[in-house]
Amino acid sequence: MSILSATDLVKRYPIRGTRQELTAVAGVSLELGRGETLGIVGESGCGKSTLARLLVRLEEPTSGRVILDGSDITSLSSSELREVRRRIQLVFQDPYASLNPRVTVGRAIEEVLEVHRVRSEPEWKSRVGELLEMVGLASTFATRYPHQLSGGQRQRVGIARALAVEPEVLVLDEPVSALDVSVQSGIMNLLGRLRDELDLAYVFISHDLSMVRHISDRIAVMYLGRVVESGPWLPVSDEPLHPYTMALQEAVPTADPEAEAARQVAGVVGEVPDPANPPPGCAFHPRCPLAEEICVQVLPTLASLQDSHAAACHIAARRAGQPEATLA
């Protein structure tokens with residue numbers, strides 16, 4: 001049974017001074033099992049961060065539903081959301097902006113315990129020490145201010161603060177992208193350990209397919225607000241069906257320096273289209289080397305093509321022997 005699911009989530013923003021709307025998320029559906037990690041990958045501007053905020057109700061969806069353990073949280077009032085937010089927490093991308101520079105690390109975590117009434121006040125300081133040690137920091141870090149910490153240490157504090165309310169689900173929005181490469185592996189190993197020890201479920205969001213495959217059980221690939229491919233991590237990352245996922249996979253560097261230097265990477269041509277004025281048909285068709293007339297005119301639906309491996313691509317559907325869409 002899933003702990004978190006989303007059905008046809010849509011988020012549109014009005015464009016000031018016009019009658020137009022920008023569609024950031026265009027009908028995304030997903031499911032997350034208990035103790036599972038769902039990786040969401042895509043370029044900047046594809047709607048990943050908006051989706052993260054929708055899942056934790058920091059943004060109100062234009063339409064669609066988010067279900068947490070059987071309860072529809074999109075219909076809850078602000079007061080009813082307090083208990084929900086104990087169960088699902090968001091870890092932000094920027095560890096520099098997510099901490100108050102005037103508040104010590106210990107007080108930043110204590111505020112969470114106070115707001116959510118987790119444990120009694122005499123227990124707060126000891127709980128702060130436990131949480132810091134849980135994320136690999138000494139309890140003495142409680143007296144430090146954010147400017148006294150490195151980027152990796154700040155992100156560990158952000159994770160500790162999210163864990164303070166003992167959640168069941170963490171939504172991690174690019175949790176390592178603002179960190180040095182040398183620090184990223186430590187944070188990734190920490191997240192893997194915490195997931196196993198605390199039986200957490202993760203929605204792990206990144207623009208880096210190699211980072212997503214490192215931690216995920218399943219992967220969903222987003223492009224211009226839609227999921228264009230999804231399935232278990234191995235086939236999605238190693239045997240992708242959608243041309244966009246193929247390009248992401250091709251861009252992942254190899255471990256061999258000589259092989260990497262000799263490798264020719266075509267990459268994805270062009271830029272992500274304007275979400276306020278998306279192209280007709282498949283949104284990827286202006287950049288797709290395989291695009292045909294059907295791709296320009298008909299929007300492909302996300303359909304299972306190989307076991308639980310799904311893609312929204314006319315070409316992939318034809319190769320899998322699925323009935324082809326027809327032009328109007």
Side-chain angles (χ1 to χ4, degrees), residues 1 3-4 32 34-37 52-53 55-58 66-173 175 186-187 189-203:
M1 180 180 176
I3 181 67
L4 178 70
L32 177 70
R34 294 181 183 275
E36 182 184 40
T37 298
R53 296 173 71 86
L55 292 176
V56 299
R57 272 287 302 271
L58 287 180
V66 177
I67 308 295
L68 179 65
D69 199 17
S71 299
D72 185 352
I73 68 172
T74 49
S75 60
L76 298 181
S77 65
S78 297
S79 59
E80 291 172 323
L81 275 175
R82 183 186 296 271
E83 181 60 31
V84 167
R85 290 197 169 119
R86 283 196 59 175
R87 304 181 65 189
I88 180 169
Q89 284 282 302
L90 176 63
V91 175
F92 295 93
Q93 173 179 358
D94 188 354
Y96 299 90
S98 60
L99 295 173
N100 186 337
R102 299 185 178 184
V103 173
T104 64
V105 165
R107 183 56 192 156
I109 299 174
E110 282 183 6
E111 285 177 345
V112 179
L113 300 173
E114 182 178 355
V115 167
H116 289 278
R117 300 166 188 166
V118 180
R119 307 195 181 190
S120 61
E121 186 173 350
E123 296 178 282
W124 289 350
K125 289 195 184 305
S126 62
R127 180 57 176 161
V128 168
E130 290 173 8
L131 288 163
L132 289 173
E133 289 174 0
M134 190 182 295
V135 298
L137 298 175
S139 58
T140 53
F141 274 74
T143 60
R144 299 190 187 184
Y145 286 86
H147 73 271
Q148 297 174 304
L149 308 181
S150 68
Q153 289 168 341
R154 292 185 197 191
Q155 193 59 290
R156 288 173 187 266
V157 171
I159 295 168
R161 191 171 56 173
L163 294 175
V165 292
E166 300 171 7
E168 298 166 66
V169 179
L170 284 187
V171 179
L172 301 134
D173 184 14
I187 298 296
N189 291 335
L190 168 67
L191 291 171
R193 176 174 62 79
L194 291 173
R195 178 190 58 188
D196 296 339
E197 289 180 358
L198 304 177
D199 196 27
L200 294 167
Y202 289 163
V203 177

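Reckoned from all heavy atoms, side chains included, excluding hydrogens, waters and symmetry mates.
Applying the salt bridge (Lys or Arg N to Asp or Glu O under 4.0 Å) definition to pairs two or more places apart or across chains, none involves residues 149-162.
Expressed to the nearest 0.5 Å, how far CH2 of Trp124 lies from CZ of Arg107 amounts to 6.5 Å. Distance CZ/Arg86 to CD/Glu166: 6.5 Å, rounded to 0.5 Å. Atom-to-atom distance recorded for Ile88:CD1 and Leu170:CG is 9.0 Å, nearest 0.5 angstrom. The distance from the CZ atom of Phe92 to the CG atom of Leu99 is 10.5 Å, given to the nearest 0.5 Å. A distance of 11.5 Å separates CG in Leu190 from CZ in Arg195, rounded to the nearest 0.5 Å.
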Val56 vs Val84, side-chain contact (heavy atoms from CB on, under 4.5 Å): CA-CA, chis, key distance, verdict: CA-CA 9 Å; Val56 299; Val84 167; over 6 Å; no
Evaluation steps, side chain to side chain donor-acceptor pair (under 3.5 Å), between Ser126 and Glu123: CA-CA 6 Å; Ser126 62; Glu123 296 178 282; over 6 Å; no
Full working for side-chain contact (heavy atoms from CB on, under 4.5 Å) between Arg87 and Leu68: CA-CA 9 Å; Arg87 304 181 65 189; Leu68 179 65; 4.0 Å; yes
Audit row: Leu4, Ile67, side-chain contact (heavy atoms from CB on, under 4.5 Å) steps and yes/no: CA-CA 6 Å; Leu4 178 70; Ile67 308 295; over 6 Å; no
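Between Arg127 and Glu110 there is no salt bridge, since no side-chain N of the basic residue sits under 4.0 Å from a carboxylate O of the acidic one. Using a 4.0 Å cut-off between charged side-chain N and carboxylate O, Arg53 and Asp173 make no salt bridge.
With hydrogens and angles ignored, the 3.5 Å screen pairs a side-chain donor or acceptor of Tyr202 with a backbone N or O of Leu191. Gln155 contributes no side-chain N or O that, together with a main-chain N or O of Gly151, makes up a donor-acceptor pair within less than 3.5 Å. At least one donor-acceptor pair under 3.5 Å links the side chain of Gln148 to the backbone N or O of Tyr145. Between the side chain of Arg57 and the main chain of Ile73, a donor-acceptor pair closer than 3.5 Å is present.
You'll find the side chain of Asn100 stays beyond 4.5 Å of the side chain of Glu111, heavy atoms only.
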